[in-house]
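Nothing here was measured: the structure is a model prediction, and the numbers come from that model.
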Amino acid sequence: MDVLTVLNLGDIAQAFSKMGMFPVFDLAYYIVSILYLKYEPGSVEVSRRSPVASWLCAMLYCFGSYILADIMLGSSPVDYFQHNSHILLASAVWYLIFYCPLNLFYKCVSFLPIKLVLVALKEVVRTRKIAAGVHHAHHAYHHGFFIMVIVGYVKGSGVALMSNFEQLLRGVWRPETNEILNMSFPTKASLYGAILFTMQEAHWLPVSKSTLILIFTLFMATSKVVMTARHSHGSPFALIESWICHLLFSSPLAGGEEDHHHPPPAGAPSSPLKTKEDLSEGARKRKVKKAE
């Protein structure tokens with residue numbers, strides 16, 4: 001008890017929950033989001049052929065969750081674009097990642113130690129978005145607990161849920177990559193986080209919102225940093241989900257499931273030690289060598 005009193009964990013959580021996200025945390029969020037866009041097959045070619053389409057895809061990667069949540073709550077889907085500073089910052093990141101001379105900016109932010117820091121900062125923003133989505137839905141629907149969960153879930157993973165629409169902007173159509181059918185770790189974590197924040201909003205959890213934000217942020221940041229550093233496709237939820245699905249839905253027990261935003265096309269070579277980003281980067285390097 002004395003240790004907890006000295007640490008003042010409640011005060012730390014309160015200060016952390018009130019910390020501003022702009023510009024440092026939002027900048028990290030935009031960098032990682034657009035970095036993942038560049039990993040997508042064909043995204044570099046689209047940026048050369050149609051910069052407008054590439055920019056729209058980047059904006060969806062950065063603000064897709066806000067757009068989808070606004071549509072669900074009956075607001076205009078372009079409301080978030082009134083924040084000029086955010087749009088300009090995300091646009092600057094998009095330009096630097098795709099068009100910086102000698103690819104210097106891309107090489108810098110994709111350098112693993114720097115990328116791990118950016119990934120951790122991005123998860124801070126994700127947690128805030130989930131909490132804000134649940135809080136917003138609570139004000140509109142005081143007893144609509146399912147609506148709170150859905151809006152919080154969309155705020156945390158709306159980019160992934162809109163991935164098929166974003167693919168159409170790039171001239172790609174891969175319905176088998178639907179995020180509902182192939183849920184990645186961030187999408188699942190956003191759902192579980194939305195449930196926790198809804199329970200807290202309904203006073204079913206004996207913790208304050210600031211404490212829950214701090215705890216969930218630490219879990220998300222730690223999980224993503226470890227997974228990124230190890231180039232892992234695994235999910236911390238895989239074992240528990242396997243047993244629960246076997247118990248409730250008679251699904252066969254599995255040792256684990258792949259965790260990636262989009263599974264590779266059928267017949268494409270893959271390795272458990274390589275992420276989608278590694279495979280895409282390797283494919284681009286091979287193209288360059290052939291051209292030379």
Side-chain angles (χ1 to χ4, degrees), residues 18-40 42-101 103-106 108-110 114-115 117-137 151-172 179 186-187 190 261:
K18 292 182 178 180
M19 186 184 302
M21 296 291 100
F22 187 84
V24 176
F25 292 91
D26 285 327
L27 176 61
Y29 186 90
Y30 301 151
I31 290 175
V32 175
S33 297
I34 299 176
L35 194 62
Y36 288 159
L37 171 62
K38 190 167 184 177
Y39 290 150
E40 289 292 329
S43 62
V44 175
E45 289 77 5
V46 171
S47 69
R48 300 293 185 268
R49 186 174 65 252
S50 178
V52 173
S54 178
W55 180 82
L56 287 174
C57 291
M59 295 304 102
L60 283 180
Y61 262 70
C62 294
F63 309 115
S65 57
Y66 297 102
I67 295 172
L68 192 55
D70 284 341
I71 293 175
M72 294 180 63
L73 293 174
S75 301
S76 172
V78 297
D79 269 357
Y80 197 81
F81 284 84
Q82 66 182 313
H83 302 292
N84 298 323
S85 56
H86 289 267
I87 302 301
L88 291 174
L89 182 61
S91 299
V93 171
W94 161 76
Y95 185 85
L96 290 173
I97 287 181
F98 280 96
Y99 304 105
C100 181
N103 236 6
L104 290 178
F105 188 78
Y106 167 77
C108 178
V109 297
S110 60
I114 296 177
K115 185 178 178 181
V117 175
L118 295 173
V119 165
L121 296 179
K122 179 183 179 180
E123 296 310 312
V124 176
V125 179
R126 189 195 303 275
T127 302
R128 294 294 188 86
K129 289 168 65 176
I130 296 172
V134 172
H135 184 71
H136 189 185
V151 175
Y153 170 54
V154 166
K155 272 291 186 74
S157 60
V159 178
L161 297 175
M162 295 182 68
S163 60
N164 290 115
F165 177 72
E166 180 272 330
Q167 288 171 5
L168 289 177
L169 291 178
R170 291 188 287 112
V172 180
E179 188 69 19
T187 304
S190 297
H261 190 63

Atom [atom1] in [X], atom [atom2] in [Y]: separation rounded to 0.5 Å?
| X | Y | atom1 | atom2 | value |
| --- | --- | --- | --- | --- |
| Asp70 | Phe81 | CG | CZ | 10.5 Å |
| Ile34 | Ser43 | CD1 | OG | 11.5 Å |
| Met162 | Ile67 | CE | CD1 | 5.5 Å |
| Leu169 | Met59 | CG | CE | 12.0 Å |
| Phe165 | Leu68 | CZ | CG | 11.0 Å |
| Ser54 | Glu45 | OG | CD | 11.0 Å |

Open item on the list: For the backbone of Tyr29 and the side chain of Ser33, can you confirm whether one donor and one acceptor N or O come within less than 3.5 Å of each other?
Closed with: yes

- [ ] Could you tell me whether a side-chain N or O of Lys38 sits under 3.5 Å from a main-chain N or O of Phe98, the two making a donor and an acceptor?
- [x] no

- [ ] Please list, chain by chain and in numerical order, all residues satisfying side chain to side chain donor-acceptor pair (under 3.5 Å) with Ser76, sequence neighbours excluded.
- [x] none

Open item on the list: Among residues at least two apart in sequence or on other chains, which ones pass side chain to side chain donor-acceptor pair (under 3.5 Å) with Ser157?
Closed with: none

Who passes side chain to side chain contact (heavy atoms under 4.5 Å, CB included) against [X], sequence neighbours left out?
| X | value |
| --- | --- |
| His86 | Phe22, Asp26, Tyr30, Phe63, Tyr80, His83 |
| Lys155 | Tyr66, Ala69, Lys129 |
| Val172 | Gln167, Arg170, Arg174 |

- [ ] Test side-chain contact (heavy atoms from CB on, under 4.5 Å) on Glu166 and Val159 and set out the steps.
- [x] CA-CA 9 Å; Glu166 180 272 330; Val159 178; over 6 Å; no

For [X] against [Y], the heavy-atom pair lying closest together:
| X | Y | value |
| --- | --- | --- |
| Cys108 | Ile114 | O-CD1, 3.4 Å |
| Val119 | Val32 | N-CG2, 4.0 Å |
| Ile130 | Gly156 | CG1-CA, 3.7 Å |
| Cys62 | Ala90 | SG-CB, 4.0 Å |
| Tyr99 | Ser47 | OH-O, 2.6 Å |

Open item on the list: Under a 3.5 Å cutoff, is there a donor and acceptor pairing between the side chains of Glu179 and Ser163?
Closed with: no

Open item on the list: I'd like to know whether Leu35 forms a side-chain contact (heavy atoms from CB on, under 4.5 Å) with Tyr106, so could you lay out the CA-CA distance, the side-chain angles of the two residues, the decisive distance to 0.1 Å, and finally the verdict.
Closed with: CA-CA 8 Å; Leu35 194 62; Tyr106 167 77; 3.5 Å; yes

Open item on the list: One thing to verify: whether Glu123 and Arg126 come together as a salt bridge, which I'm taking to mean a side-chain N less than 4.0 angstrom from a carboxylate O.
Closed with: yes

- [ ] Assert yes or no for the condition that the ring centre distance of Tyr61 to Trp94 is strictly below 6.0 Å.
- [x] no

TODO: Taking the side chain as every heavy atom from C-beta outward, state whether Tyr39 and Ser110 have any pair of such atoms under 4.5 Å apart.
DONE: yes

TODO: Answer whether the closest heavy-atom distance between the side chains of Val151 and Val134 falls below 4.5 Å.
DONE: no

Task: Counterpart residues, ring-ring contact (aromatic ring centres under 6.0 Å, His included), relative to Phe25 (two or more places apart) - done: none

- [ ] Step by step, work out the side-chain contact (heavy atoms from CB on, under 4.5 Å) result for Arg49 and Val46.
- [x] CA-CA 5 Å; Arg49 186 174 65 252; Val46 171; 3.6 Å; yes

Task: Neighbour count >12 (heavy atoms, 6.0 Å) for atom CZ, Phe105 - done: yes

Task: Trace of the side-chain contact (heavy atoms from CB on, under 4.5 Å) decision for Tyr153 with Thr187 - done: CA-CA 8 Å; Tyr153 170 54; Thr187 304; 3.1 Å; yes

